[in-house]
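In what follows, every chain begins at residue 1, and chains take the letters A, B, ... in the order their sequences are listed.
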2 protein chains.
Amino acid sequence: MSTDHSKKPLVSYETLLLQFKELLKQSNPPLKFTKQREIILSTLYTHSGHYTPEELYEIIKRENRDLKTGIATIYRTLSLLENAGIVTSISFGTQGKKYELGVKAHHDHLICTKCGKILEFFDEEIEEKQAQIAKEFNFKMEDHSLKIFGICPECQKIEKERQNANNKKEAKN
Amino acid sequence: MSTDHSKKPLVSYETLLLQFKELLKQSNPPLKFTKQREIILSTLYTHSGHYTPEELYEIIKRENRDLKTGIATIYRTLSLLENAGIVTSISFGTQGKKYELGVKAHHDHLICTKCGKILEFFDEEIEEKQAQIAKEFNFKMEDHSLKIFGICPECQKIEKERQNANNKKEAKN
DNA sequence: CTTATTGCAAACGTTTTGCACGTTT
DNA sequence: AAACGTGCAAAACGTTTGCAATAAG
């Protein structure tokens, strides 16, 4: 298994930006390159990680006091970027989606159910198995998503400490 | 790989109902066995498959003209049944969840992106790999979800037929 | 007779949309 | 100048909740 913890995307921002501009130009009808779209892209680039539209909106508002960017534009741009394959999303039931720059290699997720932290992993064997299963069912595979839910090491530690504290208290009584 | 296409749950309805009644009685405080709860359970039993609360609501309304059952009760009962481990859910991003009777063995899902059909599979090797990965990350695994998205054989066929029809039309012009 | 459960409607949080105005091309 | 993009507020969507009436134990 290979683990990919790199916090930096694989391409430079210049390359990414060019890629994005090219995409806009090639669209039919051609789309426009706006300040808002640039800021959303650059924010995703500089803040490597998984964000809800709301979280991204807060970061952008805080870091760009001069330019107004509405939440609707965040949603619209994230959809655009996702359809273009520039970002990918991971969904959390009714509680929404989190987005990340998708220029990294494909990977799956470990999600902490206590603190919401997301770790990434990649396993070639599982990838192959999935393709094989799709084939067996005559499914034309388009995508797949593997999520492992659990408690991360840090939260396990916190849990243990809380238990110890409780035990001490009970011992006193 | 073992494939489980059985459209019938593993236990009889009588057994399931007893299990449910026992569960209600054992709760603290004890919960009540109502007509609505029985109908929701029996509808899930007789209509094997995956349903959104809305879909279940429509089925129940159609098949039980005499008893009024509100959508809120569907939601409340599905939560109850899920917490009790009697049904399981599979979530679809912002578009909600689908529920199924969960007395069957654990399995993962193949989901058709055209028609929404859900097929089930189980692969021991993938299961093991997941447990191993969680261990490597010191994650205390609670659950996992593997979804393969793609186009089912039927929809592939429909797609091909549509293409053929289009080709003929173009040939005419 | 007590307590949980119900349907209803209102509230909720997230996402989408209509529209007049601004910006990019 | 033409057309796309924007912010805003309202609407839409799936889900949850408060409440008075009802049914189960």
Nearest whole Å is fine: how far is [N] [atom2] from [X] [atom1]?
| X | N | atom1 | atom2 | value |
| --- | --- | --- | --- | --- |
| A/R37 | D/dT6 | CZ | C1' | 10 Å |
| B/Y57 | C/dT6 | OH | C1' | 13 Å |
| B/L80 | C/dA4 | CG | P | 14 Å |
| B/I40 | C/dT5 | CD1 | P | 12 Å |
| A/I60 | D/dT6 | CD1 | C1' | 14 Å |
| A/K21 | D/dC4 | NZ | C1' | 17 Å |
| A/E22 | C/dT25 | CD | P | 13 Å |
| B/E54 | D/dT16 | CD | C1' | 15 Å |

Give the minimum heavy-atom separation between B/C112 and B/C155, together with the two atoms involved.
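What the structure gives for the nearest pair is SG-SG, 3.8 Å.
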
Tell me the closest heavy-atom pair linking A/Q156 and B/F139, and the distance in Å.
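So the two residues come closest at NE2-C, 3.7 Å.
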
Salt-bridge criterion met for B/K97 and B/E82 (N-O under 4.0 Å)
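Yes.
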
Is it true that B/E63 and B/H47 share a donor-acceptor pair across their side chains at a distance under 3.5 Å?
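Side-chain D/A pair, B/H47 to B/E63: present.
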
Just by distance, do the side chain of B/K147 and the backbone of B/S91 share a donor-acceptor pair under 3.5 Å?
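Looks like yes, one N/O pair under 3.5 Å.
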
Global bending angle along the helix from C/dC1-D/dG25 to C/dT25-D/dA1, which compares the axes of five pairs at either end, to 10 degrees
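Computed angle between terminal axes is 30°.
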
Is the [X] ring parallel, tilted or perpendicular to the [Y] ring (thresholds 30°, 60°)?
| X | Y | result |
| --- | --- | --- |
| A/Y45 | A/Y13 | tilted |
| A/H109 | A/H50 | perpendicular |
| B/F121 | A/F137 | tilted |

Let me know, please, whether A/I71 or B/G70 comes out on the 5' side of the other along DNA chain C by nearest nucleotide.
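Closer to the 5' end of DNA chain C: B/G70.
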
A/T52 near the nucleic acid: base, sugar-phosphate alone, or nothing, with a heavy-atom cut-off under 4.0 Å?
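Nothing: the residue A/T52, judged by heavy atoms under 4.0 Å, touches no strand.
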
Do B/K98's NZ or CZ and the ring of B/Y51 fall within the cation-pi criteria of under 6.0 Å and 45°?
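No, a cation-pi geometry is absent between B/K98 and B/Y51.
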
For A/A72 and B/K97, take the nucleotide of DNA chain D holding the closest heavy atom to each; which residue's nucleotide lies nearer the 5' end?
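Upstream on the strand: A/A72.
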
Under 4.0 Å from any atom of DNA chain C, heavy atoms only: list the residues of residues 27-35 of chain A that qualify, in numerical order.
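Those residues are A/K32, A/F33, A/K35.
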
For a quick test of reading the model: is some side-chain N or O of [X] closer than 4.0 Å to OP1 or OP2 of [N]?
| X | N | value |
| --- | --- | --- |
| A/Q36 | C/dT23 | no |
| A/R76 | D/dT6 | no |
| A/Y75 | C/dT16 | no |

